[in-house]
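To start, the structure itself, in structure tokens.
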Amino acid sequence: FSSCQKEKLNTVADKPSTSAKQASSIEQLLKRTTVILSVLNNGSVSYKNGGFIDYSPCASVNIDSTSMPRVTVINYGESGCVGLDGVTRMGKVVITSDGDSRDAGTYIVTTYSHYFEDGDEITGSDTMHNDGKNINGNISYSMSQNTFSKLANGSGNEKEAFAGTCEWLTGEATETTDDDQYGYTFVGNITSPDGSVETLTSQTQLVKNLAPNCSAHFVQGKVLSHHTTLDVFVDFGDGTCDNLVSVTENGTTTTYDLN
């Protein structure tokens, strides 16, 4: 299927399927990486005043650029901080790096301290490495993520394991988020509380555009979701800034509004 199929559908489903919810999960997992790179590459001012959708007015950002290793803390407080993406966050995201995030060879490790997203407690760690410029002349980061989610309301624990690359597509030359675009390719597994495993593989690069009114969701890219004998294709579009995702399951394509 192709992203142009979204134009052929007359209605947008308002009750998301499991696959549509998984599309939101994909976004949330990779969104953390985008937040980290946005803060490290552009500074706290860009994060707090830019157009990036994760901006949370009640969050504080503390960047220690003199010590080594460098430690950056995003503190969402303990009372619930609602971001422009509608997600309520609490606790701290602690980012440790052994150099400048823009410099080749820099390692970046992120851990979570009493950190919650919409009531789910996130633990574990994310690791990134600046691999230098790729064949496109863009900075490329290899990334791995091994996190656990203690789901709200005592509904069990979920495990997320991802590995892939993040390419800084545009905006490297400026210190604002508005012209930044990041592209992700990855493969990973999500293990549900019942022990079932869903494998997620990017079929094309997922693109996050941080321009104002565009950064809420991925604007481009396709993901294959495999669970037991079922393959589901998730299409985030062709680059158009919208809130739509197309999900193809058993030959039927449905468009969902991710908001």
Side-chain angles (χ1 to χ4, degrees), residues 2-4 6 23 26-56 61 63 65 72 74 83-85 93 95 97 99-108 110 126-145 162-187 202-223 234-246 258:
S2 66
S3 58
C4 63
K6 299 203 307 192
I26 296 169
E27 287 202 319
Q28 197 60 32
L29 291 171
L30 294 178
K31 187 180 289 183
R32 296 176 202 147
T33 301
T34 311
V35 169
I36 294 163
L37 290 176
S38 179
V39 170
L40 293 181
N41 289 334
N42 298 303
S44 60
V45 173
S46 293
Y47 174 68
K48 292 186 68 60
N49 297 324
F52 188 40
I53 195 66
D54 275 356
Y55 161 55
S56 300
V61 181
I63 300 176
S65 59
T72 299
I74 306 174
L84 298 185
D85 56 354
V93 177
I95 310 162
S97 62
D100 193 304
S101 60
R102 293 171 176 256
D103 293 342
T106 296
Y107 279 97
I108 304 165
T110 301
D126 305 333
T127 302
M128 285 185 284
H129 178 261
N130 185 324
D131 298 328
K133 297 292 183 71
N134 60 16
I135 59 175
N136 299 322
N138 298 325
I139 293 177
S140 180
Y141 300 89
S142 56
M143 59 181 188
S144 64
Q145 181 170 321
F162 283 81
T165 61
C166 174
E167 180 181 5
W168 194 352
L169 297 172
T170 64
E172 178 193 348
T174 69
E175 294 192 4
T176 176
T177 60
D178 289 359
D179 58 355
D180 284 354
Q181 292 190 42
Y182 293 97
Y184 295 92
T185 55
F186 64 91
V187 61
S202 56
Q203 301 292 285
T204 61
Q205 190 178 57
L206 269 66
V207 177
K208 174 71 78 171
N209 185 343
L210 302 190
N213 302 316
C214 195
S215 58
H217 305 290
F218 286 112
V219 297
Q220 185 173 337
K222 300 177 182 179
V223 178
V234 180
D235 183 4
F236 287 97
D238 59 3
T240 302
C241 295
D242 56 30
N243 303 316
L244 305 180
V245 61
S246 295
L258 286 170

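Numbering starts at 1 and runs along the sequence shown.
- Residues satisfying the side chain to side chain donor-acceptor pair (under 3.5 Å) criterion with Thr72, sequence neighbours excluded, are absent altogether.
- In this structure, Phe186 CZ and Thr33 OG1 are separated by 10.5 Å, a value rounded to the nearest 0.5 Å.
- Among Val207, Asp242, Thr204, Val223, the single residue meeting the side chain to side chain contact (heavy atoms under 4.5 Å, CB included) criterion with Phe236 is Val223.
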- With side-chain hydrogen bond (donor to acceptor under 3.5 Å, both in side chains) as the test, would you mind laying out the steps for Asp179 and Thr174 before giving the verdict? CA-CA 8 Å; Asp179 58 355; Thr174 69; 2.9 Å; yes
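- Ser144 is linked by a side chain to side chain donor-acceptor pair (under 3.5 Å) to nothing, counting only residues two or more places apart in sequence or in another chain.
- Thr165 and Ser142 share no side-chain donor-acceptor pair at under 3.5 Å.
- Separation of atoms NZ (Lys222) and CG (Asp235) is listed at 5.0 Å; rounding is to 0.5 Å.
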- Check the pair Gln181 / Trp168 against side-chain contact (heavy atoms from CB on, under 4.5 Å), numbers first and verdict last. CA-CA 6 Å; Gln181 292 190 42; Trp168 194 352; over 6 Å; no
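- Relative to the six-membered ring of Tyr182, Lys208 misses at least one condition, a distance below 6.0 Å or an angle of at most 45° to the axis.
- In terms of heavy atoms, Ala104 sits closest to Gly132 at CB-CA, 3.7 Å.
- Side-chain contact check for Val187 versus Ser202: every heavy-atom pair is 4.5 Å or farther apart.
- Looking only at side-chain heavy atoms (C-beta outward), Gln145 and Thr127 stay at 4.5 Å or farther from each other.
- Between the CD1 atom of Ile63 and the OG atom of Ser97 there is a distance of 10.0 Å, given to the nearest 0.5 Å.
- At a cut-off of 3.5 Å, with distance as the only test, a side-chain donor of Gln205 or Glu167 sits close to an acceptor on the other residue.
- At a threshold of 4.5 Å between non-hydrogen side-chain atoms, the residues Arg32 and Thr110 do not count as touching.
- Between the side chains of Ser101 and Asp103, no donor N or O sits under 3.5 Å from an acceptor N or O.
- In this model, no donor atom of one side chain and acceptor atom of the other lie less than 3.5 Å apart for Ser140 and Asp131.
- Between His129 and Tyr107, the ring planes lie tilted relative to each other; the angle falls in the 30° to 60° range.
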- Could you walk me through whether Glu172 and Ile139 pass the side-chain contact (heavy atoms from CB on, under 4.5 Å) test, one step at a time? CA-CA 8 Å; Glu172 178 193 348; Ile139 293 177; 3.5 Å; yes
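- A distance of 6.5 Å separates OG1 in Thr34 from CG in Leu210, rounded to the nearest 0.5 Å.
- Side-chain atoms of Val234 and Val245, non-hydrogen and from C-beta on, do get closer than 4.5 Å to each other.
- Closest heavy-atom contact between Val219 and Cys241: CG1-CA, 4.1 Å.
- To the nearest 0.5 Å, atoms CD1 (Ile108) and CG (Leu37) are separated by 6.0 Å.
- No side-chain heavy atom of Leu206 sits under 4.5 Å from any side-chain heavy atom of Gln220.
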